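Report on the structure given below.
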Amino acid sequence: MRLKTTGRYQIILENVRQIPKGKVATYGDIARLSGFLNCARLVGYALNSLPDESTIPWHRVVNSQGKISFPKYSTAYKTQQRILKKEGIIFESERIDLKKYGWLQFNRFKIKR
DNA sequence: AACGTGACAAGGC
DNA sequence: AGCCTTGCCACGT
């Protein structure tokens with residue numbers, strides 16, 4: 001559970017740190033911003049490695065559906081939701097409006113295979 | 001060096 | 001709207 005200081009996700013974590021209060025970004029957004037297209041999973045992997053005392057706003061990262069990527073009744077889920085609400089973000093049936101709160105506003109759904 | 005994995009994403013049904 | 005499958009790719013082991 002150590003925060004590594006080298007490697008790709010150092011970049012990722014720096015970008016997560018830039019997300020302003022009251023906004024959110026998706027895992028895919030952060031991956032693209034960091035220059036790792038299609039590496040959304042890596043972002044989750046990087047956040048998972050954060051120590052508890054980290055000041056990086058991990059809670060401002062949600063999935064592409066605007067939902068929290070933790071099991072609904074887990075403590076992590078509740079913690080994240082509580083912090084986001086405290087920052088002024090409103091949930092509508094467990095979901096965040098990314099049009100309203102999305103930080104980067106990349107063209108989701110644009111990339112095809 | 002190979003293999004399984006994940007706090008994901010997109011598409012099909 | 002959900003659930004399932006497939007694609008993804010760096011990381012750890």
Side-chain angles (χ1 to χ4, degrees):
Chain A
M1 311 40 184
R2 299 280 63 79
L3 173 59
K4 299 180 85 168
T5 54
T6 62
R8 307 289 189 280
Y9 55 75
Q10 177 73 7
I11 301 171
I12 290 172
L13 296 177
E14 277 309 307
N15 283 318
V16 171
R17 195 195 294 283
Q18 309 305 316
I19 306 173
K21 183 178 178 182
K23 292 288 184 181
V24 298
T26 70
Y27 295 91
D29 287 341
I30 297 298
R32 274 175 293 210
L33 177 64
S34 305
F36 310 123
L37 186 63
N38 294 328
C39 288
R41 304 187 77 141
L42 188 62
V43 176
Y45 195 78
L47 292 180
N48 190 41
S49 73
L50 288 175
D52 292 341
E53 64 272 21
S54 170
T55 58
I56 291 179
W58 57 271
H59 53 274
R60 295 177 192 149
V61 185
V62 297
N63 68 24
S64 63
Q65 304 172 75
K67 298 203 289 193
I68 290 174
S69 283
F70 283 116
K72 189 167 175 182
Y73 297 107
S74 65
T75 55
Y77 181 99
K78 293 177 194 162
T79 301
Q80 183 171 7
Q81 190 180 53
R82 175 172 49 74
I83 298 174
L84 289 176
K85 282 182 176 173
K86 198 170 66 176
E87 295 190 346
I89 287 172
I90 297 170
F91 285 77
E92 296 169 20
S93 57
E94 314 299 330
R95 196 166 311 198
I96 293 171
D97 184 350
L98 292 177
K99 293 237 186 343
K100 192 177 344 178
Y101 298 111
W103 176 41
L104 297 172
Q105 300 293 355
F106 279 117
N107 293 326
R108 250 168 281 288
F109 311 116
K110 181 162 188 172
I111 300 164
K112 304 216 186 295
R113 289 200 282 279

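What you are looking at is a predicted structure, and each value in this text was computed from that prediction instead of being measured. Below, each value reflects all heavy atoms present in this structure, side chains not excepted, and no hydrogens, waters or symmetry copies. In what follows, chains are A, B, ... by sequence order, proteins preceding strands, each numbered from 1.
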Query raised in the report: Considering only side-chain heavy atoms of Ser64(A), which listed nucleotide, dG12(C), dA7(B), dA9(B), is closest?
Result: dA9(B)

Report task. Mind calculating the distance between CD1 (Ile12(A)) and C1' (dC9(C)) to the nearest angstrom? Result -> 11 Å

**Report entry** Nearest-angstrom distance from the residue atom CG of Asn48(A) to C1' of dT5(B)
**Finding:** 12 Å

**Report entry** Euclidean distance, atom CD of residue Gln10(A) to atom C1' of dA10(C) [Å, nearest integer]
**Finding:** 15 Å

Query raised in the report: Lys67(A) or Arg41(A): which one's nearest nucleotide on DNA chain C is closer to the 5' end?
Result: Lys67(A)

Query raised in the report: NA contact type, Asn63(A), heavy-atom cut-off 4.0 Å: base, sugar-phosphate, or nothing?
Result: sugar-phosphate

Query raised in the report: Are Asp29(A) and Val43(A) side-chain neighbours, meaning at least one heavy-atom pair lies under 4.5 Å?
Result: no

Query raised in the report: Rounded to the nearest Å, what distance is computed from the CD1 atom of residue Ile19(A) to the C1' atom of nucleotide dA7(B)?
Result: 13 Å

Report task. Provide, to the nearest angstrom, the distance between the NZ atom belonging to Lys78(A) and the C1' atom belonging to dA7(B). Result -> 17 Å

Query raised in the report: Of all the choices, dC9(C), dA7(B), dA10(B), which nucleotide is nearest to the side chain of Tyr27(A) once you look at every atom?
Result: dA7(B)

Requested in this report: Please report, rounded to the nearest Å, how far the C1' atom of dA10(C) is from the CZ atom of Phe36(A).
Outcome: 9 Å

Query raised in the report: Charged N to carboxylate O under 4.0 angstrom, Glu14(A) versus Arg17(A)?
Result: yes

Query - Among dA7(B), dA9(B), dC8(C), the nucleotide that comes nearest once only the side chain of Asn38(A) is considered - result: dC8(C)

Requested in this report: Could you check how far CD1 of Ile30(A) sits from C1' of dA9(B), rounded to whole Å?
Outcome: 15 Å

Query - Closest listed nucleotide, where the reference is the side chain of Cys39(A) and the choices are dG12(C), dG2(C), dC9(C) - result: dC9(C)

**Report entry** Whole angstrom value for the distance that separates C1' of dA7(B) from CD of Gln65(A)
**Finding:** 13 Å

Requested in this report: Ignoring the backbone of Ala40(A), work out which of dA9(B), dC9(C), dC11(C) is nearest its side chain.
Outcome: dA9(B)

Report task. Using a 4.5 Å cut-off on heavy atoms from C-beta on, say whether the side chain of Lys78(A) contacts that of Phe70(A). Result -> no

Query raised in the report: With hydrophobic residues grouped by side-chain heavy-atom distances under 4.5 Å, do Ile90(A) and Ile19(A) end up in a single group?
Result: yes

Requested in this report: Report yes if some heavy atom in the side chain of Tyr27(A) is under 4.5 Å from a heavy atom in the side chain of Leu47(A); otherwise report no.
Outcome: yes

Report summary line: Which of dA9(B), dG2(C), dA10(C) is nearest the side chain of Leu42(A)? It is dA10(C)

